[in-house]
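Side chains are part of it too, since the values below use all heavy atoms of this structure and drop only hydrogens, waters and symmetry mates. Counting starts at 1 for both ligands and their atoms, following the listed order.
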Amino acid sequence: MGTFVGIDLGTTFSAVAFINREGNPEIIPTDYGRTVTPSVVYLGKGGPIVGEEAKERQALGEVEIASFFKRSMGDSQFELFFQGKSYTPVDLSALVLQHLKQVAENHLGENVTHAVITVPAYFNNMQREATIEAAGRAGLEVLSIINEPTAAAFAYGMRPTQGAQTVLVYDLGGGTFDVSVVRITESEQQVLGTGGDHNLGGKDWDDRVFGYLVQQFEETFGTDPVGDDFNQLLVKTEEAKKSLSVRESVEIRVQHEGHKGLFTLTRSQFEDLTSDLMERTQRLTEQVLGEINLSWSDLTNVLLVGGSTRMPMVRTYVERMSGRPPLTAVNPDEAVALGAAIQAAMDMEEGSALQTPLYGLAGRKKSVDVISHSLGMIAVNEAQTRYIISIIIQKNQPIPSRQARPFTLRISQRGENKLEVYMTQGESDDPMTCAYLGRYVFSDIPALAARQAILDITYAYDKNGVVNVSAVERSTGKPLSLSIEPLPSDVPDRFALPPAQNVAREHLTVYLSFDLSGSMSGAPLTEAKKAAHAFISQCDLSSTSVGLISFSDNVLVDIKACQDAKKLSKAIDGLTIGRTGGGNEAHPFDEIHKLLTGVTGVRYALVLADGVWSNQSRAIQQAKRCHEAGIEIVGVGFGGADRKFLQAISSSDEHSFFTNMNALTETFSTIAQELTEEGSISKRGGLRF
Ligand code: AMP
């Protein structure tokens, strides 16, 4: 039986921690007595050598050095060659983990078998899986993979606190920038939102110093100083940068081919050289706050994590924005590993099914984390004219998360029916700009008589951030066979072309809701019925379900959403004034909410009004509840309808139409057409009255 540790597997430095006898997390010192180990591997003769010694060799000008490979985790194309052997980022990370395991075993005098490993919050499932694989190769069983800012918040949150706090974790490391907002209470730690950039970190600040030195050298000697001593120069620039955190200016010596230069860099010059990088962190931080509707004033504290937050410019910025100095209660180099050790202790306890806590951790908390990017899939619009991204799990959803969405697939009676799911990551709805995480091919789709199959596709995001994809054919309830295949090399270009015939489309459910108060009597009702018939005939009922609701003093569901044109026609013909009273007391939004809750796919309600409703504020309030639940409300008004009110109940201005009685059919047809072709109301607002 072995023991466990928490590991911060960093881009530039890594750290390992354990839980001591007192139940507190503690950093395991390296053989050099330091708290962190450089994530650097020497792979020349006598290698591999990991950590401090490898970094020293790098400083001495050795070239057989691998560093910054964490930036390429999950990239199947990335390989480095040393002594005729190829190394992937997984191989290199495994070497670092093996080294850390050894350091921990020497210190603890026990076998280390289990670990919690941290990753940047935005790491995708391939990067997380690559991390798990590296751990396996190093002989470590992964208890869980947790996000770095969450771990840092853990280390901070275990301290006795006064009341609930909302803490922004600003984590600027060597190669990555992460920002998370965490709500910490006595019993729970909940991540509210997260963001960042995995290509922004201290290395970019180094590069600016490097560029400055190259330029100065060229100006002085007319030649470029970059040659065999490239690695040495890299180390010097990083040292200079660090010095500027405590000094106002540094002098840097650069030698190359007999030329010797001594260049001065002041802190304020350095801040000018890097001001755009600082602004990028500002934008990303404010984006996260915006996404969860918080502002700087809602934060109790800002926690700085990562070596690069030692730069005075970071502190100045945080203090200026939040109005108070950032927290320094936790050492930025150690916080992540300490938090990982805490999580490891909790995972071990959970796994051992013991009633009493094993490790006597003070102030244990339940932890809830979130997904850092929306996950979607490539589908086609209803008209099958172009590819779209359909989001299945939204960003900032608590994890683990499991979401399903229905898609309609045209199936052939002969030959094999297959569905290819391309998993996408990102907030963009443009297939050309998102990231592709995998290709999942479902087969054994039954050859249904209907020629259309509704497939419920489920994404399950587990606590480690690994995603499982599954699909069920709805009419048979049969799970489909799955094979995971490599992404073709023409992704995303293939999605710029018009789609083929049998590709999945999102299922659409629409409720037509008619205000049948007394003022609709006669011609208005006749026109409304005509418009409803036109709507049905425009819809592709193979991938759309339509329902009908009428309301005036009461609400009546004339027909629940279905795909049967005959039944729908009959229900439309049956619309009469008086069945729901004749006044304007009721609104349909409670019913719409009820009917569409739990319905997956795209959900719309089209609300027709010709006059002023009695309880407008209540109606607006309940319409907003629908908007928040992701149900799109399209308001169509004519006659004595109130324009402002119509806008307030509609999901957006694009969803609000004001027309006249004789144009109702045209309006309904156009809406049906837009929904059918685009799967949404056009943002271009092609139809305005
Ligand atoms: P981490 O990945 O959190 O270990 O952060 C490492 C990064 O922090 C590297 O880019 C270091 O150059 C940077 N760093 C460490 N100490 C300092 C310092 N005193 N001033 C500026 N940057 C630092």
Is there a side-chain contact between [X] and [Y] (heavy atoms, below 4.5 Å)?
| X | Y | value |
| --- | --- | --- |
| V169 | V182 | yes |
| Q98 | V96 | no |
| Y170 | Y317 | yes |

Numbering the atoms of ligand 1 from 1, which are under 4.0 Å from a heavy atom of [X]?
| X | answer |
| --- | --- |
| G306 | 3 (O) |
| R310 | 16 (N), 18 (C), 19 (N), 20 (N) |
| G202 | 10 (O) |
| G174 | 1 (P), 2 (O), 5 (O), 6 (C), 7 (C), 9 (C), 10 (O) |

Regarding ligand 1, does [X] bring an N or O atom to under 3.5 Å of one of the ligand's N or O atoms?
| X | value |
| --- | --- |
| T12 | yes |
| K241 | yes |
| M311 | no |
| G173 | no |

For G10 and ligand 1, answer yes if some heavy atom of the residue is under 4.0 Å from a ligand atom, otherwise no.
->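 It does not, in that no heavy atom of G10 comes within the 4.0 Å cut-off of ligand 1.
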So is D333 close enough to ligand 1, meaning a heavy atom under 4.0 angstrom away?
->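 So D333 does not count as touching ligand 1.
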Taking the six-membered ring of F68 (Phe, Tyr or Trp), confirm whether the NZ or CZ of K203 is under 6.0 Å from its centre and within 45° of its axis.
->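 Geometry flag: set, cation within 6.0 Å and 45°.
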Considering all heavy atoms of both residues, which atom of T30 and which atom of V103 are nearest to each other, and what is their separation?
->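 Looking at all heavy atoms of both residues, the shortest contact is CA-CG1, 4.1 Å.
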Distance-minimising heavy-atom pair for E52 and V36 |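 Closest pair (atom of E52, atom of V36, distance): OE1-O, 4.2 Å.
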Among H373, E427, E291, find the one that has a side chain to side chain donor-acceptor pair (under 3.5 Å) with K395.
->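 Exactly one candidate clears the test, E291.
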Given that the side chain starts at C-beta and the backbone is N, CA, C, O, which of these parts of K242 lies under 4.0 Å from ligand 1, counting heavy atoms, or is it both or neither?
->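 Within the 4.0 Å criterion, K242 contacts ligand 1 through backbone and side-chain atoms alike.
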Closest protein heavy atom (residue, atom, distance) for [atom]:
| atom | result |
| --- | --- |
| atom 11 (C) of ligand 1 | E238 OE2, 3.2 Å |
| atom 23 (C) of ligand 1 | G307 O, 3.3 Å |
| atom 20 (N) of ligand 1 | S245 OG, 2.6 Å |

So, E238 and K242, do they make that salt bridge, N to O below 4.0 Å?
->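 Result for this pair is yes, salt bridge flagged.
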Are side-chain N/O atoms of R128 and N147 paired as donor and acceptor at under 3.5 Å?
->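 The criterion, which ignores hydrogens and geometry beyond distance, is satisfied for N147 and R128.
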